[in-house]
Amino acid sequence: MTGTSAGVSIGDKTVELPTRSGTIGPDVIDIGTLYKNTGAFTYDPGFTSTASCESKITYIDGDEGVLLHRGYPIEQLAEHGDFLEVCYLLLYGELPTKAQKDDFDYRVTHHTMVHEQMSRFFTGFRRDAHPMAVMCGCVGALSAFYHDSTDITDPHQRMVASLRMIAKMPTIAAMAYKYHIGQPFVYPKNDLDYASNFLRMCFAVPCEDYVVNPVLSRAMDRIFILHADHEQNASTSTVRLAGSSGANPFACIAAGIACLWGPAHGGANEAALNMLAEIGSVERIPEYVAKAKDKNDPFRLMGFGHRVYKNYDPRARIMQKTTHEVLGELGIKDDPMLEVAMELERIALTDDYFIEKKLYPNIDFYSGITLKALGFPTTMFTVLFALARTVGWIAQWNEMIEDPEQRIGRPRQLYVGAPKRDYIPVSKR
Ligand code: CMC
């Protein structure tokens, strides 16, 4: 279709719409002039056939199960890179040199503390508040503290805000966790790497030393890498849409966190683990598979299916390996949930319903088991997703601001409500 056009006829009007090609992936039909020339809108609820922007950051081939960040396959990044290297790649477009990496690590590490007054926000929340509720509030509140990095027209301020969020998100997430379980906050420690620092802020207590287990910290880092970015998903699109109005970056990321919380998106890892616990034993799997297939039952197998992947989610494969590494390191031999998960996966992959609908395990299927083994309660799972996805949101937000074609996002609608009618006084209704 490259260099060609797509003809659209509506009534007696015909327009030729140009097509555009990316470096890989499907071409797009540029419908920007459609309304002006025909008076018609396109209709695509859920955006199943609509590209909302041009992007150089992440590419997914859902049919082949491919995920690339700036061209690099996720498998290679997860195997050989670390999370901050992936952050640098997403933000700046290239892998860092050794000097660039050291400098980036240093800058992130030295921005991990949050303003001390922020700790008082936490005490305003009920102790039983969901940590995602706390995250929405506290991340949004960053804009009340860091005024010197909210001028989005200044590239330097944008980068300062970006680094601040990548650096402070683990601290805020760990504070949300500590508040949740009634333990004192633990300050960041600069001689630790990103993932180790986060584990220490979550699991250390003032009354004893905490030694970070390198296998667990590597697993945590890999989980962060696997969640770092995922193209124009719901929360990323939310961040872009919020940012398109010129809103400050902290507010935009808080909007992304709110969107991520839903069970169809980031909340699925929590829901998947709850589902595995509810199933409880291998014998009960057929009952739940039948429920998932029953059109009259709203139950879905959480951790299965994806809007874009119609093949095995490449992140799920790496996640499954990480799950085994963590359970092995912790000496957890017969985890009943892992047993249920592996059998459920086996059954689903051979069942006609799941094969026909191309429902494969997604990343959330195994991440819950790993996070639980690492010591996190289910309520923290989506928080960890938000922490890791922050860099993706920020990279996409920066790209949007720099895009000369960027305008405020303003979808149109197909109005199906009442046509114009006259007001009737209440005495006559
Ligand atoms: N279990 C049973 N049936 C399913 C499932 C599932 N998990 N997912 C989709 N289906 C069926 C669905 O009922 C529909 O059947 P039919 O064509 O007969 O009406 C068909 O498959 C297509 O589903 P859809 O809801 O139209 O597909 P979608 O692209 O709108 O939804 C999804 C994608 C991820 C929301 C959905 O697969 C789902 O709800 N999965 C469970 C939640 C989950 O694991 N989410 C995590 C996604 S990965 C992490 C992230 O990106 O946030």
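Note that ligands are numbered from 1 as they come in the structure, with each ligand's atoms numbered from 1 the same way. Since the model is a prediction, treat every value here as computed from it, not as a measurement.
- Between Ala234, Ser235, Gly305, it is Gly305 that holds the heavy atom closest to atom 37 (O) of ligand 1.
- For atom 16 (P) of ligand 1, the nearest non-hydrogen atom from the set Lys295, Glu231, His265 belongs to Lys295.
- For the pair Leu387 and Ala173, the tightest heavy-atom approach, listed with the atom from each and the gap, is CD1-CB, 4.1 Å.
- Considering backbone and side-chain atoms together, Arg315 places no N or O closer than 3.5 Å to any N or O of ligand 1.
- Atoms CE and CD, on Met132 and Glu270 in that order, are 9.0 Å from each other to the nearest 0.5 Å.
- Residue Gly303 places at least one N or O, backbone or side chain, under 3.5 Å from an N or O of ligand 1.
- Of the options Asp229, Thr58, Asn233, a side chain to side chain donor-acceptor pair (under 3.5 Å) to Gln396 is made by Asp229 and by none of the others.
- The closest non-hydrogen atom to atom 24 (P) of ligand 1, taken over His230, Arg300, Lys357, Arg307, comes from Arg300.
- An N or O contact shorter than 3.5 Å is missing between Asp364 and ligand 1 by distance.
- Checking Tyr353, Tyr360, Phe304, Phe365 against atom 41 (C) of ligand 1, the nearest heavy atom belongs to Phe304.
- Distances between N or O atoms of Phe354 and those of ligand 1 include no value under 3.5 Å.
- The residue among Leu359, Asp313, Leu301, Val289 with a heavy atom at the shortest distance from atom 1 (N) of ligand 1 is Leu301.
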